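Order of listing sets the numbers, starting from 1, for every ligand and every atom in it. Predicted model, so just to flag it, every value in this text is computed and none were measured.
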Amino acid sequence: MRAVTWHGRADVRVDTVPDPVIQEPTDVIIEVTSSGICGSDLHLIEVMAPFMSVGDVMGHEPMGVVREVGSEVTELKVGDRVVVPFNISCGTCWMCNQGLQSQCETTQNRDQGFGASLFGYTKLYGQVPGGQAEYLRVPFGNTLPIKVPDGPADDRFVYLSDVLPTAWQAVQYAGIPNGGSVLVLGLGPIGDMAARIAQQLGAGQVFAADVVPERLARARARGVTVIDTTEQSDVVGRVRDATDGRGPDAVIDAVGMEAHGSPLATLAQKATAVVPDAIMEKVMQVVGVDRLAALDTAIEAVRRGGTISLSGVYGGATDPMPLMRMFDKQIQLRMGQANVWRWVPDILPLLTDADPLGVDDFATHHVPLAEAPEAYMNFREKKEGTVKVLLQP
Ligand SMILES: NC(=O)c1ccc[n+]([C@@H]2O[C@H](COP(=O)([O-])OP(=O)(O)OC[C@H]3O[C@@H](n4cnc5c(N)ncnc54)[C@H](O)[C@@H]3O)[C@@H](O)[C@H]2O)c1
Ligand SMILES: [Zn+2]
Ligand SMILES: [Zn+2]
(Lines give C-alpha, C1' and ligand atoms only; values in the text may rest on other atoms or scores of the structure.)
(Ligands and ions follow the chains in the order given, each with its own letter.)
Protein backbone atom coordinates (compact mmCIF):
# COMPACT_ATOMS: atom_id res chain seq x y z
CA MET A 1 0.00 0.00 0.00
CA ARG A 2 0.99 3.66 -0.19
CA ALA A 3 1.74 5.49 3.04
CA VAL A 4 3.28 8.72 4.34
CA THR A 5 6.63 7.79 5.83
CA TRP A 6 9.19 9.59 7.97
CA HIS A 7 12.61 10.19 6.44
CA GLY A 8 14.13 12.85 8.65
CA ARG A 9 13.85 16.42 9.69
CA ALA A 10 11.34 18.21 7.45
CA ASP A 11 11.29 15.14 5.21
CA VAL A 12 8.18 13.00 4.73
CA ARG A 13 7.58 10.95 1.60
CA VAL A 14 4.95 8.72 0.14
CA ASP A 15 6.31 5.18 -0.14
CA THR A 16 5.06 1.72 -0.85
CA VAL A 17 5.08 -0.32 2.38
CA PRO A 18 3.71 -3.78 3.25
CA ASP A 19 -0.06 -3.99 3.75
CA PRO A 20 -1.01 -4.39 7.42
CA VAL A 21 -2.32 -7.80 8.45
CA ILE A 22 -4.40 -9.11 11.35
CA GLN A 23 -1.99 -10.06 14.14
CA GLU A 24 -4.32 -10.57 17.10
CA PRO A 25 -7.84 -12.07 17.02
CA THR A 26 -9.27 -8.72 18.19
CA ASP A 27 -7.60 -6.68 15.42
CA VAL A 28 -9.43 -5.04 12.56
CA ILE A 29 -8.03 -3.65 9.31
CA ILE A 30 -9.56 -0.46 8.02
CA GLU A 31 -9.33 1.14 4.62
CA VAL A 32 -8.54 4.76 5.42
CA THR A 33 -10.78 7.36 3.77
CA SER A 34 -9.59 10.52 5.60
CA SER A 35 -6.58 11.20 7.78
CA GLY A 36 -5.63 14.52 9.39
CA ILE A 37 -2.22 16.14 9.62
CA CYS A 38 -1.72 17.41 13.18
CA GLY A 39 0.51 19.96 14.89
CA SER A 40 1.91 16.95 16.75
CA ASP A 41 3.10 15.48 13.43
CA LEU A 42 5.23 18.58 12.99
CA HIS A 43 7.09 17.77 16.23
CA LEU A 44 8.11 14.44 14.67
CA ILE A 45 9.86 16.13 11.77
CA GLU A 46 11.47 18.66 14.12
CA VAL A 47 12.35 18.18 17.76
CA MET A 48 11.26 14.58 18.20
CA ALA A 49 13.25 13.37 15.20
CA PRO A 50 15.72 11.38 17.33
CA PHE A 51 12.89 9.12 18.42
CA MET A 52 11.79 8.26 14.88
CA SER A 53 13.17 5.77 12.35
CA VAL A 54 13.35 6.05 8.57
CA GLY A 55 10.26 4.44 7.08
CA ASP A 56 7.94 4.93 10.09
CA VAL A 57 4.36 5.37 8.87
CA MET A 58 2.96 8.69 10.14
CA GLY A 59 -0.52 9.75 11.17
CA HIS A 60 -2.86 9.42 14.14
CA GLU A 61 -6.12 11.02 12.98
CA PRO A 62 -7.70 8.45 10.65
CA MET A 63 -11.15 7.24 9.81
CA GLY A 64 -12.31 4.69 7.30
CA VAL A 65 -14.20 1.52 6.55
CA VAL A 66 -13.62 -1.88 8.16
CA ARG A 67 -12.28 -4.32 5.57
CA GLU A 68 -11.24 -7.28 7.72
CA VAL A 69 -11.98 -8.41 11.27
CA GLY A 70 -10.13 -10.84 13.57
CA SER A 71 -11.84 -14.00 14.79
CA GLU A 72 -12.76 -12.50 18.19
CA VAL A 73 -14.21 -9.23 16.91
CA THR A 74 -17.92 -9.12 17.75
CA GLU A 75 -18.65 -5.39 17.82
CA LEU A 76 -17.72 -4.52 14.23
CA LYS A 77 -18.26 -6.08 10.85
CA VAL A 78 -16.81 -5.55 7.40
CA GLY A 79 -18.24 -2.37 5.88
CA ASP A 80 -18.71 -0.49 9.19
CA ARG A 81 -17.59 3.13 9.22
CA VAL A 82 -15.23 4.00 12.07
CA VAL A 83 -13.05 6.76 13.48
CA VAL A 84 -9.85 5.64 15.20
CA PRO A 85 -8.75 7.47 18.39
CA PHE A 86 -5.12 8.54 18.47
CA ASN A 87 -4.54 6.84 21.83
CA ILE A 88 -4.24 3.08 21.50
CA SER A 89 -6.26 2.11 24.55
CA CYS A 90 -7.79 -1.22 25.52
CA GLY A 91 -11.00 0.21 26.97
CA THR A 92 -11.09 -2.32 29.80
CA CYS A 93 -8.14 -1.70 32.17
CA TRP A 94 -8.20 0.34 35.39
CA MET A 95 -6.98 3.54 33.69
CA CYS A 96 -9.40 3.19 30.78
CA ASN A 97 -12.22 2.68 33.28
CA GLN A 98 -11.25 5.98 34.95
CA GLY A 99 -11.50 7.74 31.58
CA LEU A 100 -7.71 8.06 31.44
CA GLN A 101 -7.23 6.34 28.10
CA SER A 102 -3.95 8.15 27.45
CA GLN A 103 -2.56 6.21 30.42
CA CYS A 104 -3.97 2.79 29.37
CA GLU A 105 -2.21 0.11 31.42
CA THR A 106 -2.42 -2.44 28.65
CA THR A 107 -0.46 -0.31 26.16
CA GLN A 108 1.65 1.84 28.53
CA ASN A 109 5.26 1.96 27.36
CA ARG A 110 6.81 0.95 30.66
CA ASP A 111 10.21 0.26 29.15
CA GLN A 112 10.34 3.90 28.05
CA GLY A 113 8.55 5.30 31.09
CA PHE A 114 5.77 6.71 28.89
CA GLY A 115 1.99 6.45 28.69
CA ALA A 116 -0.30 4.63 26.29
CA SER A 117 0.90 3.91 22.77
CA LEU A 118 -0.13 6.30 20.01
CA PHE A 119 -0.60 5.63 16.33
CA GLY A 120 2.12 6.98 14.08
CA TYR A 121 4.30 8.31 16.85
CA THR A 122 7.74 7.97 18.42
CA LYS A 123 9.57 5.06 20.02
CA LEU A 124 8.55 6.57 23.36
CA TYR A 125 4.94 5.76 22.45
CA GLY A 126 5.34 2.34 20.91
CA GLN A 127 6.35 3.20 17.33
CA VAL A 128 3.04 1.87 16.00
CA PRO A 129 2.41 2.32 12.24
CA GLY A 130 0.08 5.26 11.66
CA GLY A 131 -2.98 6.14 9.66
CA GLN A 132 -1.72 8.40 6.86
CA ALA A 133 -1.88 5.33 4.67
CA GLU A 134 -4.28 3.35 2.56
CA TYR A 135 -4.85 0.74 5.27
CA LEU A 136 -4.39 0.61 9.04
CA ARG A 137 -4.28 -2.22 11.53
CA VAL A 138 -6.35 -1.25 14.57
CA PRO A 139 -5.99 -3.30 17.77
CA PHE A 140 -8.83 -3.73 20.32
CA GLY A 141 -11.44 -3.93 17.55
CA ASN A 142 -14.24 -4.43 20.10
CA THR A 143 -13.49 -1.34 22.16
CA LEU A 144 -11.21 1.16 20.39
CA PRO A 145 -12.81 2.24 17.07
CA ILE A 146 -15.68 4.72 17.26
CA LYS A 147 -18.53 3.53 15.03
CA VAL A 148 -20.18 6.39 13.15
CA PRO A 149 -23.22 6.47 10.87
CA ASP A 150 -23.09 6.43 7.08
CA GLY A 151 -24.27 9.54 5.28
CA PRO A 152 -22.44 12.77 6.13
CA ALA A 153 -18.99 13.43 4.68
CA ASP A 154 -15.94 12.24 6.64
CA ASP A 155 -15.36 15.83 7.79
CA ARG A 156 -18.33 15.46 10.14
CA PHE A 157 -16.66 12.72 12.20
CA VAL A 158 -12.93 12.58 11.50
CA TYR A 159 -11.99 15.07 14.23
CA LEU A 160 -13.24 12.64 16.89
CA SER A 161 -9.82 11.00 16.51
CA ASP A 162 -7.97 13.95 18.06
CA VAL A 163 -8.95 17.59 17.46
CA LEU A 164 -12.37 17.43 19.11
CA PRO A 165 -11.49 15.42 22.24
CA THR A 166 -8.21 17.35 22.65
CA ALA A 167 -9.97 20.70 22.44
CA TRP A 168 -12.85 19.43 24.60
CA GLN A 169 -10.44 18.23 27.29
CA ALA A 170 -8.58 21.55 27.11
CA VAL A 171 -11.83 23.36 27.87
CA GLN A 172 -12.89 20.91 30.61
CA TYR A 173 -9.48 21.18 32.27
CA ALA A 174 -9.68 24.97 32.02
CA GLY A 175 -12.66 24.88 34.40
CA ILE A 176 -14.16 28.11 33.04
CA PRO A 177 -16.96 29.28 35.34
CA ASN A 178 -20.34 29.70 33.67
CA GLY A 179 -20.23 33.03 31.83
CA GLY A 180 -16.55 33.37 32.69
CA SER A 181 -13.60 34.28 30.53
CA VAL A 182 -10.90 32.29 28.76
CA LEU A 183 -7.84 33.20 26.73
CA VAL A 184 -6.71 30.69 24.10
CA LEU A 185 -3.07 30.92 23.05
CA GLY A 186 -2.53 29.63 19.51
CA LEU A 187 -5.16 29.35 16.79
CA GLY A 188 -4.01 26.21 15.04
CA PRO A 189 -6.64 23.49 14.76
CA ILE A 190 -6.53 22.77 18.49
CA GLY A 191 -6.80 26.38 19.70
CA ASP A 192 -9.43 27.22 17.08
CA MET A 193 -11.59 24.27 18.13
CA ALA A 194 -11.02 24.95 21.83
CA ALA A 195 -12.32 28.49 21.35
CA ARG A 196 -15.43 27.13 19.60
CA ILE A 197 -16.06 24.59 22.34
CA ALA A 198 -15.58 27.20 25.08
CA GLN A 199 -18.28 29.32 23.40
CA GLN A 200 -20.53 26.29 22.99
CA LEU A 201 -20.17 25.35 26.66
CA GLY A 202 -21.11 28.80 27.91
CA ALA A 203 -17.97 30.90 28.34
CA GLY A 204 -18.89 34.58 28.50
CA GLN A 205 -15.74 36.02 26.94
CA VAL A 206 -13.42 34.09 24.63
CA PHE A 207 -10.11 35.72 23.68
CA ALA A 208 -7.50 34.17 21.40
CA ALA A 209 -3.99 35.24 20.41
CA ASP A 210 -1.95 34.26 17.35
CA VAL A 211 -0.17 36.07 14.53
CA VAL A 212 -1.29 34.12 11.47
CA PRO A 213 -3.86 36.29 9.63
CA GLU A 214 -6.02 33.45 8.23
CA ARG A 215 -6.19 31.81 11.62
CA LEU A 216 -7.18 35.04 13.34
CA ALA A 217 -9.83 35.63 10.67
CA ARG A 218 -11.42 32.23 11.24
CA ALA A 219 -11.75 32.85 14.97
CA ARG A 220 -12.97 36.43 14.50
CA ALA A 221 -15.68 35.22 12.14
CA ARG A 222 -17.07 33.07 14.95
CA GLY A 223 -17.19 35.86 17.50
CA VAL A 224 -13.92 35.27 19.29
CA THR A 225 -12.14 38.44 20.48
CA VAL A 226 -8.85 38.02 18.67
CA ILE A 227 -5.51 39.49 19.69
CA ASP A 228 -3.19 39.75 16.72
CA THR A 229 0.09 39.50 18.59
CA THR A 230 1.96 36.97 20.69
CA GLU A 231 3.95 39.66 22.49
CA GLN A 232 3.43 38.88 26.16
CA SER A 233 2.90 42.40 27.48
CA ASP A 234 0.40 43.24 24.73
CA VAL A 235 -1.58 40.04 25.17
CA VAL A 236 -1.66 40.38 28.95
CA GLY A 237 -2.54 44.08 28.75
CA ARG A 238 -5.38 43.54 26.32
CA VAL A 239 -7.06 40.73 28.22
CA ARG A 240 -6.69 42.55 31.54
CA ASP A 241 -8.29 45.67 30.08
CA ALA A 242 -11.27 43.57 29.06
CA THR A 243 -11.57 41.73 32.40
CA ASP A 244 -11.67 44.53 34.99
CA GLY A 245 -7.91 44.41 35.31
CA ARG A 246 -7.87 40.85 36.68
CA GLY A 247 -7.10 38.66 33.70
CA PRO A 248 -9.19 35.77 32.39
CA ASP A 249 -10.49 32.98 34.62
CA ALA A 250 -8.60 30.47 32.50
CA VAL A 251 -5.92 30.26 29.82
CA ILE A 252 -5.64 27.41 27.34
CA ASP A 253 -2.16 26.95 25.89
CA ALA A 254 -2.64 25.38 22.47
CA VAL A 255 0.92 26.10 21.37
CA GLY A 256 3.21 23.74 23.26
CA MET A 257 6.89 23.92 23.95
CA GLU A 258 9.43 21.26 23.52
CA ALA A 259 12.68 22.59 22.22
CA HIS A 260 13.95 24.63 25.08
CA GLY A 261 16.94 23.60 27.18
CA SER A 262 15.78 20.02 27.47
CA PRO A 263 17.52 16.67 27.07
CA LEU A 264 15.25 16.00 24.12
CA ALA A 265 16.34 19.18 22.41
CA THR A 266 19.97 18.37 22.94
CA LEU A 267 19.47 14.92 21.49
CA ALA A 268 17.60 16.40 18.59
CA GLN A 269 20.42 18.76 17.84
CA LYS A 270 22.97 15.98 17.95
CA ALA A 271 20.88 13.79 15.72
CA THR A 272 20.55 16.42 13.06
CA ALA A 273 22.68 15.46 10.15
CA VAL A 274 20.89 17.43 7.48
CA VAL A 275 21.13 20.90 8.92
CA PRO A 276 24.47 22.30 10.09
CA ASP A 277 24.58 22.31 13.88
CA ALA A 278 25.15 26.02 14.26
CA ILE A 279 22.06 26.86 12.22
CA MET A 280 19.97 24.21 13.93
CA GLU A 281 20.95 25.40 17.36
CA LYS A 282 19.90 28.89 16.43
CA VAL A 283 16.58 27.65 15.10
CA MET A 284 15.97 25.62 18.22
CA GLN A 285 16.80 28.53 20.46
CA VAL A 286 14.26 30.64 18.67
CA VAL A 287 11.67 27.89 18.70
CA GLY A 288 12.45 27.25 22.33
CA VAL A 289 12.06 30.85 23.31
CA ASP A 290 8.82 31.15 21.36
CA ARG A 291 7.32 28.08 22.90
CA LEU A 292 8.35 29.01 26.42
CA ALA A 293 6.82 32.40 25.81
CA ALA A 294 3.39 30.84 25.40
CA LEU A 295 3.52 29.24 28.82
CA ASP A 296 4.95 32.40 30.37
CA THR A 297 2.17 34.42 28.79
CA ALA A 298 -0.38 32.00 30.21
CA ILE A 299 1.08 32.40 33.71
CA GLU A 300 1.12 36.18 33.48
CA ALA A 301 -2.28 36.53 31.87
CA VAL A 302 -4.40 34.24 34.02
CA ARG A 303 -6.19 35.94 36.90
CA ARG A 304 -5.14 35.15 40.44
CA GLY A 305 -6.72 31.85 41.47
CA GLY A 306 -7.34 30.96 37.83
CA THR A 307 -6.58 27.85 35.83
CA ILE A 308 -4.14 27.07 33.05
CA SER A 309 -4.93 24.18 30.75
CA LEU A 310 -2.11 22.90 28.56
CA SER A 311 -2.92 20.95 25.46
CA GLY A 312 0.21 21.92 23.60
CA VAL A 313 2.65 19.02 23.79
CA TYR A 314 5.59 19.55 26.11
CA GLY A 315 8.72 17.56 25.52
CA GLY A 316 11.25 19.28 27.73
CA ALA A 317 12.03 17.29 30.84
CA THR A 318 13.79 20.10 32.68
CA ASP A 319 12.22 23.32 31.44
CA PRO A 320 12.17 25.83 34.24
CA MET A 321 8.80 27.07 35.38
CA PRO A 322 8.29 30.22 37.44
CA LEU A 323 7.09 28.27 40.45
CA MET A 324 7.20 31.19 42.85
CA ARG A 325 4.98 33.27 40.57
CA MET A 326 2.64 30.33 40.04
CA PHE A 327 2.41 29.65 43.77
CA ASP A 328 1.85 33.29 44.62
CA LYS A 329 -0.91 33.58 42.05
CA GLN A 330 -2.46 30.31 43.25
CA ILE A 331 -2.62 28.99 39.72
CA GLN A 332 -4.10 25.63 38.93
CA LEU A 333 -2.46 23.73 36.10
CA ARG A 334 -3.87 20.75 34.21
CA MET A 335 -2.42 19.04 31.17
CA GLY A 336 -1.92 15.85 29.22
CA GLN A 337 -2.68 13.93 26.06
CA ALA A 338 -6.39 13.85 25.41
CA ASN A 339 -8.29 10.84 26.71
CA VAL A 340 -10.25 10.42 23.50
CA TRP A 341 -12.96 7.98 24.58
CA ARG A 342 -13.55 9.92 27.81
CA TRP A 343 -15.17 12.72 25.79
CA VAL A 344 -16.70 10.97 22.78
CA PRO A 345 -20.19 10.56 24.32
CA ASP A 346 -20.25 14.28 25.15
CA ILE A 347 -19.16 15.37 21.67
CA LEU A 348 -21.20 13.06 19.43
CA PRO A 349 -24.53 14.87 20.04
CA LEU A 350 -22.94 18.04 18.60
CA LEU A 351 -22.00 16.39 15.28
CA THR A 352 -25.36 17.09 13.65
CA ASP A 353 -26.55 18.81 10.47
CA ALA A 354 -26.80 22.05 12.48
CA ASP A 355 -23.04 21.67 13.02
CA PRO A 356 -22.63 24.01 16.00
CA LEU A 357 -18.84 23.53 16.08
CA GLY A 358 -18.37 24.10 12.35
CA VAL A 359 -16.65 20.78 11.66
CA ASP A 360 -18.09 20.44 8.17
CA ASP A 361 -15.91 23.23 6.82
CA PHE A 362 -13.13 23.11 9.39
CA ALA A 363 -10.59 21.62 6.97
CA THR A 364 -8.89 24.14 4.71
CA HIS A 365 -7.37 21.49 2.41
CA HIS A 366 -8.40 18.03 1.19
CA VAL A 367 -5.55 16.41 -0.70
CA PRO A 368 -4.67 13.00 -2.06
CA LEU A 369 -2.01 11.02 -0.22
CA ALA A 370 0.49 11.68 -2.98
CA GLU A 371 0.47 15.38 -2.12
CA ALA A 372 1.18 14.82 1.57
CA PRO A 373 4.79 16.08 1.51
CA GLU A 374 3.76 19.45 0.10
CA ALA A 375 0.80 19.66 2.48
CA TYR A 376 3.08 18.99 5.45
CA MET A 377 5.38 21.81 4.45
CA ASN A 378 2.51 24.23 3.84
CA PHE A 379 1.08 23.39 7.26
CA ARG A 380 4.47 23.78 8.88
CA GLU A 381 5.14 27.12 7.20
CA LYS A 382 1.47 28.21 7.55
CA LYS A 383 1.41 28.86 3.80
CA GLU A 384 -1.54 28.74 1.39
CA GLY A 385 -3.89 29.48 4.29
CA THR A 386 -3.27 25.99 5.61
CA VAL A 387 -4.95 25.38 8.94
CA LYS A 388 -6.21 21.81 8.74
CA VAL A 389 -5.32 19.27 6.08
CA LEU A 390 -7.24 16.06 5.51
CA LEU A 391 -5.40 13.49 3.43
CA GLN A 392 -7.66 11.29 1.36
CA PRO A 393 -5.87 8.04 0.52
N1 LIG B 1 -2.77 17.14 24.28
C2 LIG B 1 -3.06 16.44 23.19
O3 LIG B 1 -3.61 15.35 23.26
C4 LIG B 1 -2.76 17.03 21.86
C5 LIG B 1 -3.42 16.58 20.71
C6 LIG B 1 -3.19 17.23 19.50
C7 LIG B 1 -2.29 18.27 19.43
N8 LIG B 1 -1.62 18.67 20.56
C9 LIG B 1 -0.67 19.76 20.55
O10 LIG B 1 -1.37 20.99 20.50
C11 LIG B 1 -0.52 21.99 19.93
C12 LIG B 1 -1.26 22.73 18.82
O13 LIG B 1 -1.58 21.83 17.76
P14 LIG B 1 -2.13 22.39 16.39
O15 LIG B 1 -2.46 21.21 15.51
O16 LIG B 1 -3.20 23.38 16.64
O17 LIG B 1 -0.75 23.05 15.86
P18 LIG B 1 -0.28 24.36 15.09
O19 LIG B 1 1.19 24.27 15.11
O20 LIG B 1 -0.98 24.48 13.79
O21 LIG B 1 -0.78 25.58 16.00
C22 LIG B 1 0.02 26.30 16.89
C23 LIG B 1 -0.32 27.79 16.75
O24 LIG B 1 0.29 28.51 17.83
C25 LIG B 1 0.72 29.77 17.33
N26 LIG B 1 1.73 30.31 18.26
C27 LIG B 1 3.09 30.08 18.30
N28 LIG B 1 3.63 30.72 19.36
C29 LIG B 1 2.63 31.38 19.98
C30 LIG B 1 2.56 32.21 21.15
N31 LIG B 1 3.66 32.49 21.87
N32 LIG B 1 1.34 32.71 21.53
C33 LIG B 1 0.22 32.42 20.81
N34 LIG B 1 0.22 31.63 19.70
C35 LIG B 1 1.41 31.12 19.30
C36 LIG B 1 1.20 29.46 15.93
O37 LIG B 1 1.21 30.62 15.12
C38 LIG B 1 0.18 28.42 15.46
O39 LIG B 1 -0.91 29.02 14.77
C40 LIG B 1 0.74 21.25 19.44
O41 LIG B 1 1.76 21.36 20.43
C42 LIG B 1 0.26 19.81 19.38
O43 LIG B 1 1.31 18.88 19.53
C44 LIG B 1 -1.86 18.07 21.76
ZN1 LIG C 1 -3.22 14.96 16.27
ZN1 LIG D 1 -6.62 0.34 28.92
Output yes when a side-chain donor or acceptor of [X] lies under 3.5 Å from a complementary backbone atom of [Y], and no otherwise.
X	Y	answer
Ser35	Gly131	yes
Ser181	Asp249	yes
Asn142	Glu72	yes
Gln169	Gln337	yes
Arg215	Gly186	no

Please identify which atoms of ligand 1 are closer than 4.0 Å to at least one heavy atom of [X].
X	answer
Phe379	20 (O)
Val212	37 (O)
Cys38	6 (C), 7 (C)
Asp162	5 (C), 6 (C)
Pro189	14 (P), 15 (O), 16 (O), 20 (O)
Ala209	33 (C), 34 (N)
His43	40 (C), 41 (O), 42 (C), 43 (O)

What do we get for Arg215 next to ligand 1 when only non-hydrogen atoms under 4.0 Å count, side chain, backbone, both or neither?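 For Arg215, the contact with ligand 1 is made by the side chain alone.
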Below 4.0 angstrom, N of the basic side chain to O of the carboxylate: do [X] and [Y] qualify?
X	Y	result
Asp80	Lys77	yes
Asp353	Arg156	yes
Asp192	Arg218	yes

Relative to [atom], which among [options] owns the nearest non-hydrogen atom?
atom	options	result
atom 34 (N) of ligand 1	Ala194, Gly36, Gly186	Gly186
atom 36 (C) of ligand 1	Leu185, Leu42, Asp253, Asp210	Asp210
atom 35 (C) of ligand 1	Thr386, Val255, Ile227	Val255

Does the side chain of [X] pick up a donor-acceptor pair with the side chain of [Y] at under 3.5 Å?
X	Y	result
Ser117	Asn109	yes
Ser53	Gln127	yes
Asn378	His365	no
Glu68	Tyr135	no

Does [X] reach ligand 1 with a nitrogen or oxygen that is under 3.5 Å from one of the ligand's nitrogen or oxygen atoms?
X	result
Gly336	yes
Ala338	yes
Gly39	yes
Lys382	no
Ile190	yes
Ser40	yes
Phe86	no
Thr230	no

Check: Non-hydrogen atoms of Met335 versus ligand 1: any pair closer than 4.0 Å?
Finding: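 So Met335 does not count as touching ligand 1.
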Report yes or no: does a heavy atom of Pro165 sit under 4.0 Å from some atom of ligand 1?
no
Taking the Zn ion (ligand 3) as the apex, SG on Cys96 and SG on Cys93 give an angle, to 10°, of 100°
With rounding to 10 degrees, Cys90 SG, the Zn ion (ligand 3) and Cys104 SG define an angle of 100°
Looking at His60, the N/O/S atom that lies nearest to the Zn ion (ligand 2) is called NE2
Among the N/O/S atoms of Asp162, select the one at the shortest distance from the Zn ion (ligand 2) and name it.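 Sorting the N, O and S atoms of Asp162 by distance to the Zn ion (ligand 2) puts OD2 first.
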Run the numbers on Met63 and Thr33 for side chain to side chain contact (heavy atoms under 4.5 Å, CB included), then give the verdict.
CA-CA 6 Å; Met63 71 174 290; Thr33 53; 4.0 Å; yes
Practice task
Taking both backbone and side-chain atoms into account, decide whether Glu61 has an N/O/S atom under 2.8 Å from the Zn ion (ligand 2).
Solution key: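 Given the 2.8 Å cut-off, Glu61 counts as a ligand of the Zn ion (ligand 2).
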- Message: Is there a side-chain hydrogen bond (donor to acceptor under 3.5 Å, both in side chains) between Asp41 and Gln132? Walk through the geometry before answering.
- Response: CA-CA 11 Å; Asp41 292 324; Gln132 290 167 4; 3.2 Å; yes
Result for side-chain contact (heavy atoms from CB on, under 4.5 Å) between Pro62 and one of Leu136, Asp162, Asp154 points to Leu136
